[in-house]
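To start, the structure itself, in structure tokens.
Because the structure is a prediction, the values reported are computed rather than measured. Note that ligands are numbered from 1 as they come in the structure, with each ligand's atoms numbered from 1 the same way. Heads up: numbering here begins at 1 and tracks the sequence.
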Amino acid sequence: MKLFVATHNAHKIREISQILPGFEIEADDPEGVEENAPDFSGNALIKVRAIAPRHPGSWCMADDSGLEVEALGGAPGVRSARYAGEPSDTARNNALLLANLEGVADRRANFTCAVALVDPFGREHLAIGRCFGIIALAPSGAAGFGYDPLFVPDGYGKSFAELSAEEKNSISHRGRALAEARKTIKEVG
Ligand code: IMP
């Protein structure tokens, strides 16, 4: 089954293809749309609505995700990619996160992913996935992207960046949201 994904991010297409085997996944860049919703679901809907009119009769998908830290009132949240300012810079984002948590004992955090779908009949569906954990005192691991070296999922003594792609996908916010999305696609047909 063909599935158009609203992204220009090759890493994301690879992760989605691993989690949704059997789908013919094609990227469609929702170029120019402003992701200005206050939450992940709103931004995912903005992106999927930008591409759906180009693919009538097909499934379309967009996701939006980020890191929410308890002690920072949910920051960086929807600003995760640009936490330390524009343009998006992973090293600066991670350094700022560690600086803002300096001396903070409560390091609980979660990654959240919202997946928005438009089905072949034009109806919208939402799937949300979360992964809870803590922010480490220092980065570790070289796999993955973004905040992966700093995020230690509950029950694991390792950061996301120290897990294999399969391990990460089996517990990650994106893996969980996409598993829900897959169920929706199977149900609607
Ligand atoms: P996006 O909406 O999936 O593009 O994610 C926005 C930002 O959240 C990314 O640029 C990362 O900073 C962060 N993020 C989202 N998912 C992950 C993840 O799985 N690992 C690490 N960082 C992530």
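- The aromatic rings of F160 and H173 sit parallel, their planes meeting at an angle under 30°, below the 60° perpendicular limit.
- A donor-acceptor pair under 3.5 Å is absent between the side-chain atoms of N43 and the main chain of F40, judged by distance alone.
- In this structure, H55 and F4 have parallel ring planes: the angle between them is below the 30° cut-off, well short of the 60° mark.
- Between K47 and D64, the closest side-chain pair of non-hydrogen atoms falls below 4.5 Å.
- For ligand 1, residues of the protein lying within 4.0 angstrom by heavy-atom distance are K12, D64, S65, G66, S80, A81, F111, F145, G146, Y147, D148, K168, H173, R174.
- You'll find the side chain of N100 reaches within 4.5 Å of the side chain of Y83, heavy atoms only.
- W59 is listed as a side-chain neighbour of H125, based on a closest heavy-atom distance under 4.5 Å.
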